[in-house]
Engineer: 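Provided herewith is a single structure, encoded as structure tokens, for subsequent inquiry.
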Amino acid sequence: MPHPPESALLVIDLQRDFCPGGALAVPEGDVIVAPVNALMAEFCAVILTQDWHPADHSSFASQHAGRAPLEVVEMPYGPQVLWPDHCVQGSPGADFHQDLDTDRADMIIRKGFRRAIDSYSAFFENDRETSTGLEGYLRTRGIEALVMVGLATDFCVQYSALDARRLGFGVTLRTDLCRAIDLDGSLAAALTAMREAGVVLEG
Ligand code: VGL
Ligand code: ZN
């Protein structure tokens with residue numbers, strides 16, 4: 001069944017570095033690509049996000065002497081997990097998965113391009129204040145509801161879903177078309193937080 005025009009499909013970070021063989025591989029990240037392509041046909045509006053970091057991004061463990069990936073540091077905006085270098089602007093790992101149907105995208109929103117601040121959410125950077133511009137885009141197109149899919153359930157997908165609810169958008173998460181990193185129970189915590197925020201979990 002086609003979705004109404006006021007509903008958009010938001011495909012989060014379906015990039016090579018988040019797929020098996022990539023720098024920050026999410027288990028089974030690649031298996032969702034074909035069904036996500038198929039789902040695009042049901043929507044009038046398709047929006048992709050792309051994690052897009054400078055090579056010296058402050059979320060990279062390589063920028064913090066004596067720190068290893070997955071350690072947590074305190075940033076001016078709060079705690080930040082340190083990651084392996086990933087999705088460096090212009091690198092092959094930052095490209096979308098080679099099978100993703102990017103031609104269907106009306107809009108590609110890049111995030112995480114400021115060195116000093118990470119951006120999990122498609123809407124706000126990790127200070128929860130600096131806007132990516134997506135909210136204005138959606139509102140000026142009359143979009144009121146989002147179906148979300150992509151990587152990773154417990155980081156960029158969760159942050160995007162919670163921000164979208166906070167802004168008043170309807171949010172449905174296709175859990176079958178998302179995959180998680182799952183650090184110390186972060187997947188279960190993310191699902192609970194999203195459910196409590198009124199995100200409809202489907203799939
Ligand atoms: C993501 C960690 C770092 C994600 C992006 O797409 O979930 N996770 N950068
Ligand atoms: Zn990132």
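Ligands are counted one by one from 1 in listed order, and the atoms in each one are counted from 1 as well. Hydrogens, waters and symmetry mates play no part in the numbers below; they use all other heavy atoms, side chains included.
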Engineer: Check whether NZ of the Lys or CZ of the Arg R166 lies under 6.0 Å from the centre of the six-membered ring of F124 and within 45 degrees of that ring's axis.
Structural biologist: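 Yes, a cation-pi geometry.
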Engineer: Does H86 put an N, O or S atom under 2.8 Å from the Zn ion (ligand 2)?
Structural biologist: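 Short answer: yes, at least one N, O or S atom is under the cut-off.
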Engineer: Below 2.8 Å, any N, O or S contact between H57 and the Zn ion (ligand 2)?
Structural biologist: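 Given the 2.8 Å cut-off, H57 does not count as a ligand of the Zn ion (ligand 2).
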Engineer: H53 and side-chain hydrogen bond (donor to acceptor under 3.5 Å, both in side chains): which partner among R115, R110, H86, Q89?
Structural biologist: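 Of R115, R110, H86, Q89, side-chain hydrogen bond (donor to acceptor under 3.5 Å, both in side chains) with H53 is met by H86 alone.
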Engineer: For N/O/S atoms only: which one belongs to D51 and is nearest the Zn ion (ligand 2)?
Structural biologist: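 The closest N, O or S atom of D51 to the Zn ion (ligand 2) is OD2.
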Engineer: Provide, to 0.1 Å, the distance between atom 2 (C) of ligand 1 and the closest protein heavy atom, together with that atom's residue and name.
Structural biologist: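 In this structure, atom 2 (C) of ligand 1 has W83 CE2, 3.4 Å as its nearest protein heavy atom.
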Engineer: Do side-chain atoms of D30 reach the backbone of C19 as a donor and acceptor pair under 3.5 angstrom?
Structural biologist: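 No.
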Engineer: Any side-chain donor-acceptor pair under 3.5 Å between Y159 and E125?
Structural biologist: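 The answer is no; no qualifying pair exists.
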Engineer: I need the atoms of ligand 1 closer than 4.0 Å to a non-hydrogen atom of D13, numbered in the order shown.
Structural biologist: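 Checking each atom against D13, I get 4 (C), 6 (O).
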Engineer: Taking only non-hydrogen atoms of Q15, do any sit less than 4.0 angstrom from ligand 1?
Structural biologist: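 Not so, Q15 does not reach ligand 1.
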Engineer: Regarding ligand 1, does H86 bring an N or O atom to under 3.5 Å of one of the ligand's N or O atoms?
Structural biologist: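 Min N/O separation from ligand 1 is below 3.5 Å for H86.
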Engineer: When you measure from the side chain of S59 to the backbone of L82, do you find a donor-acceptor pair of N or O atoms at a distance under 3.5 Å?
Structural biologist: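 Looks like no, no N/O pair under 3.5 Å.
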Engineer: Heavy-atom distance to atom 5 (C) of ligand 1: which of D51, L151, V26, L14 wins?
Structural biologist: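 Among D51, L151, V26, L14, the closest heavy atom to atom 5 (C) of ligand 1 comes from D51.
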Engineer: For S121, is there any backbone N or O sitting under 3.5 Å from a side-chain donor or acceptor partner on D163?
Structural biologist: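 Judged by distance alone, no pair lies under 3.5 Å.
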Engineer: Here's a test for you: under side-chain contact (heavy atoms from CB on, under 4.5 Å), which of D118, L183, I181, V73 qualifies with V81?
Structural biologist: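 In the set D118, L183, I181, V73, the residue that makes a side-chain contact (heavy atoms from CB on, under 4.5 Å) with V81 is L183.
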Engineer: Judging by distance only, is a nitrogen or oxygen of L24 under 3.5 angstrom from one on ligand 1?
Structural biologist: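 In fact, backbone or side chain, L24 has no N or O that close.
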Engineer: Could you tell me whether the side chains of D13 and Q50 share a donor-acceptor contact shorter than 3.5 Å?
Structural biologist: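 No, no side-chain donor-acceptor pair sits under 3.5 Å.
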Engineer: Between V81 and ligand 1, find which residue part has any heavy-atom pair under 4.0 Å and reply side chain, backbone, both or neither.
Structural biologist: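 None of V81 does.
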Engineer: Which atoms of ligand 1 are found less than 4.0 Å from any heavy atom of C156?
Structural biologist: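 Checking each atom against C156, I get 1 (C), 4 (C), 5 (C), 6 (O), 7 (O).
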